[in-house]
Amino acid sequence: MSEFVRNVRLWFAPEQVRAEGATPDYRFSLANERTFLAWLRTALALIGGGFAVDQFLPELRWAVRVALALALLAAGVLCSLRAVNHWVRCERAMRRGEDLPVSRFPALLSLVVALVALGMVVVVLFGWEG
């Protein structure tokens, strides 16, 4: 079974994570959980931003509005899925005494948010009608 599939199964059975390795210092597990919650707050903000773009910018050309909204909504979905996957991977690594996993996701998310922000700058500079 691939590592990704195993991690996805652990999303819904976190008690199985306890079967691996030794229990880490609780401060590290709680810090991992706070990081997870921070990623979820980020996901909720992105989803809220996507809805805001769609609902509060009706004068914006339809294709531009939908593209910006969908980019934010997709980033929110990916961010929430990444949050739980990263939580599981970090918890397993801590229990095994391994290095924490690295990820390119923060860079990818930053690029998506930057592109949406640039799109909004263009909208502001050149007006709503495009």
Side-chain angles (χ1 to χ4, degrees):
M1 176 177 358
S2 77
E3 191 70 16
F4 177 74
V5 172
R6 177 161 168 67
N7 284 339
V8 170
R9 285 186 173 184
L10 290 174
W11 294 1
F12 303 102
E15 67 278 356
Q16 291 182 7
V17 173
R18 290 184 172 179
E20 296 187 35
T23 301
D25 186 334
Y26 288 108
R27 293 175 292 177
F28 299 126
S29 289
L30 292 172
N32 189 27
E33 187 172 326
R34 282 191 303 274
T35 303
F36 167 74
L37 294 172
W39 279 104
L40 284 184
R41 284 190 303 271
T42 301
L44 288 170
L46 290 165
I47 292 167
F51 279 119
V53 166
D54 185 53
Q55 294 298 307
F56 299 122
L57 299 175
E59 300 87 15
L60 191 60
R61 181 178 281 166
W62 182 84
V64 174
R65 189 180 79 229
V66 168
L68 292 172
L70 287 178
L72 288 168
L73 291 169
V77 169
L78 290 174
C79 191
S80 64
L81 293 175
R82 189 266 184 193
V84 70
N85 191 51
H86 190 70
W87 175 82
V88 166
R89 291 173 57 214
C90 285
E91 196 65 30
R92 290 179 72 203
M94 287 188 298
R95 296 185 74 78
R96 294 176 181 172
E98 299 172 352
D99 289 339
L100 294 179
V102 295
S103 174
R104 291 184 185 97
F105 185 79
L108 175 67
L109 180 62
S110 296
L111 288 173
V112 168
V113 171
L115 290 173
V116 170
L118 286 173
M120 292 305 295
V121 166
V122 169
V123 167
V124 168
L125 289 177
F126 297 107
W128 300 114
E129 298 300 323

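On a predicted model such as this, the values are computed, not experimentally measured, just so you know.
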Query raised in the report: Can Leu109 and Leu46 be said to form a side-chain contact (heavy atoms from CB on, under 4.5 Å), step by step?
Result: CA-CA 10 Å; Leu109 180 62; Leu46 290 165; 3.7 Å; yes
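- There is no path of hydrophobic side-chain contacts, each under 4.5 Å, that joins Trp87 to Met94.
- Among all heavy-atom pairs drawn from Arg65 and Leu57, the shortest one is CD-O, 3.2 Å.
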**Report entry** Step-by-step side-chain contact (heavy atoms from CB on, under 4.5 Å) determination, Trp11 to Val88
**Finding:** CA-CA 7 Å; Trp11 294 1; Val88 166; 3.7 Å; yes
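- Contact record, Gly76 with Ile47: CA-CG1, 3.9 Å, taken as the closest heavy-atom pair.
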Requested in this report: Using the salt bridge (Lys or Arg N to Asp or Glu O under 4.0 Å) rule, take Arg95 and Glu20 through it: C-alpha gap first, then chi angles, then the decisive distance, then the call.
Outcome: CA-CA 6 Å; Arg95 296 185 74 78; Glu20 296 187 35; over 6 Å; no
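- When the side chains of ILVMFWY residues are joined at heavy-atom separations under 4.5 Å, either directly or via intervening members, Leu40 and Leu81 end up in a single hydrophobic cluster.
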**Report entry** Worked check of side-chain contact (heavy atoms from CB on, under 4.5 Å) between Arg92 and Leu10
**Finding:** CA-CA 10 Å; Arg92 290 179 72 203; Leu10 290 174; 3.4 Å; yes
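- By the criterion of side-chain heavy atoms lying less than 4.5 angstrom apart, applied directly or through intervening Ile, Leu, Val, Met, Phe, Trp or Tyr residues, Leu111 is not grouped with Leu118; the two fall into different hydrophobic clusters.
- In this structure, CZ on Arg34 lies 10.5 Å from OG on Ser29, to the nearest 0.5 angstrom.
- Minimum interatomic distance between His86 and Pro101 (heavy atoms only, all atoms of both residues): CE1-O, 3.8 Å.
- Minimum heavy-atom separation, Ala69 to Asp54: CB-CB, 4.0 Å.
- Looking at every heavy atom in both residues, Leu68 comes nearest to Gly119 through CD2-CA, 4.4 Å.
- Residues Phe28 and Phe36 do not share a hydrophobic cluster, defined by chaining ILVMFWY side chains whose heavy atoms lie under 4.5 Å apart.
- Residues Leu37 and Leu44 do not share a hydrophobic cluster, clusters being chains of Ile/Leu/Val/Met/Phe/Trp/Tyr side chains in contact below 4.5 Å.
- The 12-atom threshold is not exceeded at CG of Asp99, counting heavy atoms of other residues, nucleotides or ligands nearer than 6.0 Å.
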